[in-house]
Amino acid sequence: MPRSLGAAGHSFQTPRVAQGGSLFLPMLRLPGLIDPHVHLRDPGAVHKEDWDSGTAAALAGGFTTVLAMPNTRPPIFDEATLNLSLDSARQKARCDYAQFLGAGPANAATAASLAPRAAGLKMYLDATFGDLRLDDMLLWQAHFRNWPADMPIVVHAESRSMAAAILLAAIHDRSVHIAHVSLKEEILLIKAARERGLRVTCEVAPHHLFLTDDSAGEGLLRGHPGRSEVRPRLARRVDVAALWENLDVIDCFATDHAPHTLEEKDSAEPPPGFPGLETALPLFLTAVHEGRLTMEQITEKCHTNPRRLFNLPAQPETWIEVDPDAGYEIRAADQHTRCGWTPYEGWKVRGRLRRVVLRGREVFKDGELSASPGTGRNVRSPG
Ligand code: DOR
Ligand code: ZN
């Protein structure tokens, strides 16, 4: 009989003893994970990812829903570009999805009409990959004013820009979600803002929990400075420690899956970002094994909270099964992302995804994907 672990929604299956007396270790069942922050490069850079390979990577990482960022080429900022991405997703996606709209210099008046079809509005207030950065604070205000209050706004806003974003949300009497928090000063400011009743939520990426600015000297990153480029940058140990100490302030884990090829990472102008969809869950399960995280926290931050914050529908008959004791070594060669590498190459992890069931169909089992391109659903599409 499955033993429930409470409201978090996952359960143990009781260990069974096989005929020769050996023990089958208990499998854990969790709801399908939701990644509210991925970059799939489709349209514009499908040599490193597209809706097919990116959603294959998602399922192979235990994610049954992904929310795609708009800094593609062209960026997704109006009806034509939204259709471009969604048409591609409809043909290729293997898991469920939605597409963010980017806040640009000229779409503050028109973006709201597309809100029902979008995952939310993404605002880039600081420099990163792509051309979507907004410098003009009057434009920030226009977007905050116009975007529907019941639809998510996600900001890439580091340090002082993050403080400004929280102020604008308060002035416009709406919520704001801070992407990829990485610094002690950020997590403490969010905590303080929440204690004052401000409606601010946040997510943290695995690389800001498992890597530090020292990591640039290790493993695959050693001797290749471009490979450790990411925005926000890898932070100091004191920042990473503050994130772990304030897990209760972190609403969601989000991979910020940002695939670039090693050739690009090793070039004179290395683009920032790491692939993350296939390594997040084993890293979190390893942290559970080490006593730094609980299974309930994984469920809460990778399912319950993102589902609520981004108004996502339930996925009936959808779950993932993990073997919490299986140890293995992370290898890019086993991954489905097209970018062909991982900053965690050779890391020994404990806890392995065994099976994914999406809407009643087995779509992943022991490393093999069986979901066809086009079977994923747009969660913002009626019917
Ligand atoms: O490192 C990053 N890469 N940070 C971002 O905000 C964007 C992303 C990308 O698209 O490559
Ligand atoms: Zn991102």
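When a ligand or atom number is given, it counts from 1 through the structure's own listing order.
Below the 2.8 Å limit, the Zn ion (ligand 2) has as protein N, O or S neighbours His37 NE2, His39 NE2, Asp256 OD1.
Among all heavy-atom pairs drawn from Asp334 and Glu278, the shortest one is O-OE2, 4.3 Å. Here the shortest heavy-atom pairing between Pro206 and Leu283 reads CB-CD1, 4.3 Å.
A salt bridge links Arg354 with Asp366: the closest approach of a Lys/Arg side-chain nitrogen to an acidic carboxylate oxygen falls below 4.0 angstrom. Using a cutoff of 4.0 Å between basic side-chain nitrogens and carboxylate oxygens, Asp50 and Lys92 are scored as salt-bridged. Salt bridge absent: Arg133 and Asp126 never bring a charged side-chain N and a carboxylate O closer than 4.0 Å.
For a threshold of 3.5 Å applied to N or O pairs, the pair formed by His156 and ligand 1 contains at least one separation below that value. Residue contacts with ligand 1: Pro272 is placed with a nitrogen or oxygen under 3.5 Å of a nitrogen or oxygen of the ligand (distance criterion only).
Numbered from 1 in the order shown, with element, the atoms of ligand 1 that lie under 4.0 Å from a heavy atom of Ala258 read 3 (N), 8 (C), 9 (C), 11 (O). Taking every heavy atom of Val230 and a limit of under 4.0 angstrom, the matching atoms of ligand 1 come to 1 (O).
Considering each of Arg41, Arg231, His37, the one bringing a non-hydrogen atom nearest atom 9 (C) of ligand 1 is Arg41.
For the residue pair His47/Glu264, the side-chain donor-acceptor check at 3.5 Å is satisfied.
Partner of Glu49 under the side chain to side chain donor-acceptor pair (under 3.5 Å) criterion, out of His336, His257, Arg338: His257 alone.
Note on ring orientation: taking the six-membered ring where Trp is involved, the planes of His156 and His180 are perpendicular (angle over 60°, cut-offs 30° and 60°).
Residue contacts with ligand 1: Glu229 is excluded, as none of its non-hydrogen atoms falls under 4.0 Å.
Atom 6 (O) of ligand 1 has as its closest protein heavy atom Thr128 OG1, 2.9 Å.
Enclosure of atom CD in Glu329 by more than 12 non-hydrogen atoms of other residues, nucleotides or ligands within 6.0 angstrom is indicated.
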